[in-house]
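Contents: one structure, followed by commentary.
When a residue number appears, it is its place in the shown sequence, counting from 1.
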Amino acid sequence: MKITAIETFVCHARMRNWIFVKIVTDQPGLWGWGEATLEWHTQSVVGAIKDISQLLVGEDPRRIEYLWQMMYRQHFWHGNGIVRGTAISGIDIALWDILGKIHNVPCHELWGGRVRDYIRLYCHLGGGRMEDFYETAPDDAKRFGDLALKAVDEGFTAFKSMAVPETMSLEGLRPIKYAEACVKAMRDAVGDDIDIMVDCHARPSPRMGMQFAKALEPYGLYFFEEPCWPETMEDIALIQRAVATPIASGERLIGVHAFRDMLEKRAVSVIQPDITHCGGLSEARKIAALADAYRVSMAPHNPQGPVSTAASIELGFATPSYIICESVHKDVEWRQDVVSEGFTVQEKGRIVLPNTRAGLGIEINEEEVKKHPFQQEILQRTFYKDGSVGDW
């Protein structure tokens, strides 16, 4: 059995171009689907996949770890940067899809079988609609409360918001009060039985991140995400020690070594590897095992396309430390037109029942993808009041 081609299909989904990876084999009808979506770097990733493909065409797709080692270690440069790491991830996910199809079982059966009966989903405020999640003004607390109620009405028992505003390295009380008002509005709207998460997008400096964490601590967040840059991991650890709120981070980290450092520093209560960036399902499983040794929870970053979601769900069914799956369902109206899925989502509670199909259980409709060809993603740029560059 040999790999005969590695193909990429780019599907423009407004804020992101989904990059679907198809690995074709010499066995009729046997192929696998992966995803390597990296917003604002679409053409770089497509090129990286093409570069890596020369290592794999002609190889046996069943030798997944062997092929992963080749992708990561050959060509001299290790695959621990965001572009090459994303390319490796998309290919690796597709290889696992193929192996599941060869053995005619869902991927989670390849990894020891189910450790749970269902997986809970959480949504972004607005269901992933860019204008609701990213562009709701932080001083519009009522809007946050209204969107929170809408998420609960749609069956979700957990949701994530961006209630922390873009903030300079040091500011006064205004942004702190804004964030507090927004979170209070959400908590007052949905009560204590719904889990609320707040994502800082690593916008704050370590000192401002600490102030936000302390101000929001009384509202019982499920987790508080990326309170400062991951480059200042020691400061994330200081924030975690200063508050009872679980701190989450890791979506920008590539590979098990970066997560080893985070876990050794006891920096977080929740790790958030992105399966489409961190090295794929192969590396995500190693990261998950490491997190389990530290008794740290895992909630993968997953705002991308449908193959990423299917991969996250398969991982979750076989991973003890996995607690919840990030999902978007309203980023584009035609999302479900490009994919068929083997798992089932119960609307009440938004819980996922196991995939029963082989591999990832998904199939991409290539004709539908062609209706949405590449377009440059919508630019998101941040400047502070004084004109200096900020973090989006």
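A donor-acceptor distance shorter than 3.5 angstrom exists from the side chain of Arg187 to the backbone of Gly220, with no hydrogens or angles considered. Proximity of a side-chain donor or acceptor of Asp97 to a complementary backbone N or O of Trp33 within less than 3.5 Å is detected. The backbone N or O of Glu377 sits nowhere less than 3.5 Å from a side-chain atom of Arg14 that would complete a donor-acceptor pair. No donor-acceptor pair under 3.5 Å is formed between the side chain of Glu368 and the backbone N or O of Asp337. The backbone N or O of Trp18 sits nowhere less than 3.5 Å from a side-chain atom of Arg16 that would complete a donor-acceptor pair. For Glu171 (side chain) and Met168 (main-chain N/O), a donor-acceptor pair under 3.5 Å exists by modelled atom type. The backbone N or O of Pro306 sits nowhere less than 3.5 Å from a side-chain atom of Ser308 that would complete a donor-acceptor pair.
Between the side chains of Thr37 and Glu35, a donor-acceptor pair is found at a separation under 3.5 Å. Side-chain contact check for Trp96 and Ser282: at least one donor-acceptor pair (N or O, by modelled atom type) lies under 3.5 Å. Side-chain atoms of Ser269 and Gln240 form a donor-acceptor pair, as typed in the model, at a separation below 3.5 Å.
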Please test Asn302 against Gln272 for side chain to side chain donor-acceptor pair (under 3.5 Å), starting from the C-alpha separation and ending with a verdict. CA-CA 9 Å; Asn302 178 52; Gln272 298 176 290; over 6 Å; no
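Checked against the 6.0 Å centroid threshold, His78 and Tyr72 count as a close aromatic pair.
The aromatic rings of Trp334 and His372 lie parallel to each other, with less than 30° between the two planes, well short of the 60° mark.
Sorted by first and then second residue, the salt bridge (Lys or Arg N to Asp or Glu O under 4.0 Å) pairs involving residues 320-329 (not counting sequence neighbours) are Lys160-Glu326. Legend: salt bridge (Lys or Arg N to Asp or Glu O under 4.0 Å) pairs involving residues 45-61, not counting sequence neighbours, sorted by first then second residue: Asp60-Arg62.
Residue Phe156 is found in a hydrophobic cluster whose other members, listed by chain and number, are Ile119, Leu121, Ile313, Phe317, Tyr322, Phe343, Val345, Val352; membership requires side-chain heavy atoms under 4.5 Å apart, directly or through intermediates.
With sequence neighbours left out, the side-chain contact (heavy atoms from CB on, under 4.5 Å) criterion links Cys228 to Pro206, Thr232, Asp235, Ile236, Ile239. Ala358 meets the side-chain contact (heavy atoms from CB on, under 4.5 Å) test with Lys101, Asn104; sequence neighbours excluded. Residues satisfying the side chain to side chain donor-acceptor pair (under 3.5 Å) test with Ser53, not counting sequence neighbours, are none.
A 6.0 Å sphere centred on NZ of Lys142 holds no more than 12 heavy atoms belonging to other residues, nucleotides or ligands.
Counting heavy atoms from C-beta outward, Met298 and Val270 have side chains that stay 4.5 Å or more apart.
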